[in-house]
Each structure stands twice: as structure tokens, then as C-alpha cells.
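Order of the sequence lines sets the chain letters (A, B, ...), proteins ahead of strands, with each chain counted from 1. These numbers were taken from a predicted model, which means no experiment stands behind them.
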There are 2 protein chains.
Amino acid sequence: MFQAIADPTRRELLQLLRTGEEFPLKGITPHFSMTRAAVSKHLHILSDAGLVHERRVGRETRYRMNADPLLELRRWLAFFERYWDNKLGMLKMIAETEHEAAGAKSDQPAAQDGK
Amino acid sequence: MFQAIADPTRRELLQLLRTGEEFPLKGITPHFSMTRAAVSKHLHILSDAGLVHERRVGRETRYRMNADPLLELRRWLAFFERYWDNKLGMLKMIAETEHEAAGAKSDQPAAQDGK
DNA sequence: TTATTAGGATACCATATGGTATCCTAAATC
DNA sequence: GATTTAGGATACCATATGGTATCCTAATAA
């Protein structure tokens, strides 16, 4: 999944599909300056990561985004929230909700950040 | 930056450094089953992405994490919060504050979703 | 039935990537 | 000064990756 979103083209693909709308490969390709086959490959990689769902409709394949795997990314990101937080400490709170449902909205003092 | 965190070894490195503590290469290497040179390379990539800071102390180099570049990741992630949100919609709010993005809470069009 | 067309499957290429091995530089230590 | 040692630099290797070109399959349209 981390690998999947590491590529700029694939991130663009996700942006394109982020509305949740379903697009056929034919409709997606013109947004990029590469061949249909290349776009298809990228979509396949995204599909392997679970980030898009493919559906065959007649002779065309329609792609729709599935953001669920990105939850892992958010969970990972939560590990580092202490670095910025204070103003945005709510994010950490969210993370904690996932694990233990702690409701504290206290913002971290960033203990040893004594740069 | 996305490329930098795409590698599992580098994510482990960040986990190791996430406390904000400073570590010399010598101290980091034994945590991994690869040569010092390889670890150094990874750290360099993280450094290029701004995710760690290097500091020469005598003949050793000490590494310390800098999570700031991950803010970009969070901003990117915020684009997709609508998929999970409701309960967690605050993230989107943050994103909108950063840019101005449209915040339609409408859910899937699914117009042609005959699945 | 015959074209036409969307898109999958291969084959292939160039380059990027992760890794080791080897050598070199410079700071501690004797 | 001579020795040891941390770690950078380079060369090199194997594999992964992004991409195109080409062919094949199947659904639609004539």
C-alpha cells in the first residue's frame, strides 16, 4: 500500500477517482500522457493494494476508489502526531479512539523536544 | 517523501527515531540485518526527504527524526477523509483550513453502480 | 457474420532501487 | 606518530519499476 501511493501517477489516479465515481479505463487514460496499457498497469497495482475496485461491464472495465486501506496510513501517521500537535492534537485523539477510545483532548507538551 | 516512506526498512528507522532521540549510525545498525552502509543509505534517503537530520559529532554521525515533511502526507490523506469520516470529519476541516477545498458531504453518486 | 474496439497479456527495454564489498578519510586512542 | 574505528564514496550486482509495442480476446455495431 505504501508502495502503491509512492508513485505520483498513482496518486493522481486516486485524486481523479476520489469522488467515488466509477470510470472506465478509456475515460481515465486521456488524463495522462502515457499509453492505456501503462495506466492499466498502475490501476492494477492500486487494485492489488485494495485502493481501487475493478468491475467488468460489457467489454469495458470500470474503476472505483476504495479508500479503506488508507486507514493503515493514517494509523501509521498517528505515531508521529506528537511532533506537530498542540493545535492539531485532535488527530492523536482520533488514533487513540481506534485503540482504546480515550477521550482526552489534552495537547502534548512534546517532552524531550529540546532541539 | 512518499518514496522515502514506501520502504519498510525506512519506516522502521523512523519508528526507531520517533522518540526524537538522537542516534549514531553505529547504534542504529544492529537493529537491522544489513550492513552499516545499507542503513546509512536509507538514512540518507530519509535525510534527502527531510525526515531525519544528520549531525556530525566527532567522527560519528547522529541522526534525529524530523516529522515535519509528514505534514504533506497528512494533507494528502485529508482528501480522502470523506470516505470514513462523519465521526472523524474534523480531519477534513483541517484540510480545508490548509487550502480551501470544497467540502461537500454528499455521498457516492453510484449512478451506474448496477453491481 | 464481419468489422470495430476496450482492454488484458506478453515481451521487451531503460532506469531506479536495495544491497554488498572495497577503499578512503578523519577522529580517537595508544 | 601509529593504530584503531566511524562512517562516507564508489563500484558493482540483482531485481523491481515504469513504460512502450505487439498481439490476443471478447463484446458491440454494422
Side-chain angles (χ1 to χ4, degrees), chain A residues 1-17 21-66 69-70 73 76, chain B residues 1-17 21-66 69-70 72-73 76 111-115:
Chain A
M1 186 258 128
F2 282 90
Q3 273 292 344
I5 64 163
D7 185 272
T9 300
R10 290 197 289 268
R11 287 201 300 279
E12 252 184 84
L13 276 166
L14 292 179
Q15 287 293 337
L16 206 101
L17 300 173
E21 213 179 334
E22 219 180 32
F23 285 104
L25 177 55
K26 184 78 184 311
I28 296 171
T29 302
H31 289 73
F32 299 86
S33 55
M34 66 186 76
T35 65
R36 175 177 53 77
V39 174
S40 171
K41 258 196 193 175
H42 282 300
L43 284 166
H44 223 77
I45 290 172
L46 288 173
S47 176
D48 286 348
L51 286 165
V52 305
H53 287 150
E54 309 182 10
R55 184 168 69 102
R56 256 341 245 289
V57 176
R59 61 178 162 177
E60 67 182 20
T61 309
R62 305 219 182 121
Y63 297 88
R64 190 166 43 78
M65 180 169 185
N66 173 38
L70 292 180
L73 181 61
W76 180 81
Chain B
M1 186 258 131
F2 282 90
Q3 274 292 344
I5 63 163
D7 185 272
T9 300
R10 289 195 290 268
R11 288 200 301 279
E12 251 184 87
L13 276 167
L14 292 180
Q15 287 293 337
L16 206 101
L17 299 173
E21 212 178 335
E22 217 181 32
F23 285 104
L25 177 56
K26 183 79 184 310
I28 296 172
T29 302
H31 290 74
F32 299 86
S33 54
M34 68 186 75
T35 64
R36 174 178 53 76
V39 174
S40 171
K41 258 197 193 177
H42 282 299
L43 284 166
H44 222 77
I45 290 172
L46 288 173
S47 176
D48 286 346
L51 285 164
V52 306
H53 286 152
E54 308 181 11
R55 186 167 67 102
R56 254 345 243 289
V57 176
R59 60 177 164 178
E60 67 184 17
T61 308
R62 306 217 181 123
Y63 297 89
R64 189 167 44 79
M65 179 168 186
N66 172 38
L70 292 180
E72 186 192 346
L73 180 61
W76 180 82
Q112 61 269 66
D113 196 328
K115 199 250 183 64

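Residues A/Leu14 and A/Val52 are in side-chain contact: their nearest non-hydrogen atoms beyond the backbone lie under 4.5 Å apart. Side-chain contact between A/Met34 and A/His42 is present, with at least one heavy-atom pair separated by less than 4.5 Å.
Across the protein-nucleic acid pair, B/Phe23 atom CZ and D/dG7 atom P stand 13 Å apart, rounded to whole Å. In this entry the distance linking CD of B/Gln3 with C1' of C/dT15 reads 13 Å, nearest Å. Between B/Glu60 atom CD and C/dA27 atom P the separation is 13 Å, expressed in whole Å. Atom CG in B/Leu13 sits roughly 13 Å away from atom C1' in C/dG18 (whole-Å rounding). Look at CZ on A/Phe2: it is 19 Å from C1' on C/dT17, rounded to the nearest Å. In this structure, CZ of B/Phe32 is placed 14 Å from P of C/dG18, rounded to the nearest angstrom. Atom CZ in A/Arg55 sits roughly 15 Å away from atom C1' in C/dA6 (whole-Å rounding). Distance CG (B/Leu25) to C1' (C/dA27): 16 Å, rounded to an integer number of Å.
Closest of all the heavy-atom pairs between A/Asn66 and A/Gly50 is ND2-O, 3.1 Å.
The listed nucleotides are C/dA9, D/dG19, D/dG8; the one nearest the side chain of B/Tyr63 is D/dG8. With D/dG19, C/dT17, D/dG7 as the candidates, the nucleotide lying closest to the side chain of B/Pro24 is D/dG7.
The existence of a salt bridge linking B/Glu54 and B/Arg56 is excluded, since no basic side-chain nitrogen approaches an acidic carboxylate oxygen closer than 4.0 Å.
Between B/Thr9 and the phosphate of C/dG18, there is no side-chain N or O to OP1/OP2 separation shorter than 4.0 Å. Contact between the side-chain N/O atoms of B/Thr35 and the OP1/OP2 oxygens of C/dT20 is found at a separation under 4.0 Å. Between B/Arg59 and D/dT4 there is no side-chain polar atom (N or O) within less than 4.0 angstrom of OP1 or OP2. Between B/Arg36 and C/dT20, a side-chain N or O to OP1/OP2 separation shorter than 4.0 Å is absent. Between C/dA6 and A/Thr61, no contact under 4.0 Å exists linking OP1 or OP2 to a side-chain N or O.
The side-chain contact (heavy atoms from CB on, under 4.5 Å) test applied to A/Phe2 returns A/Glu72, A/Leu73, A/Trp76, B/Ile5, B/Arg11, not counting sequence neighbours.
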Legend entry - Check against salt bridge (charged side-chain N to carboxylate O under 4.0 Å, His left out), B/Glu60 and B/Lys26: CA-CA 8 Å; B/Glu60 67 184 17; B/Lys26 183 79 184 310; over 6 Å; no
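Heavy-atom distances under 4.0 Å link DNA chain D to A/Lys41, A/His42, A/Ile45 of residues 39-49 of chain A, given in residue order.
Here A/Arg10 lies in heavy-atom contact (under 4.0 Å) with sugar-phosphate atoms only.
Residue A/Leu13 forms a side-chain contact (heavy atoms from CB on, under 4.5 Å) with just one option from A/Ile28, A/Ile45, A/Asp7, and that option is A/Ile28.
Mapping B/Ala38 and A/Ala37 onto DNA chain C by nearest heavy atom places A/Ala37 closer to the 5' end of the strand.
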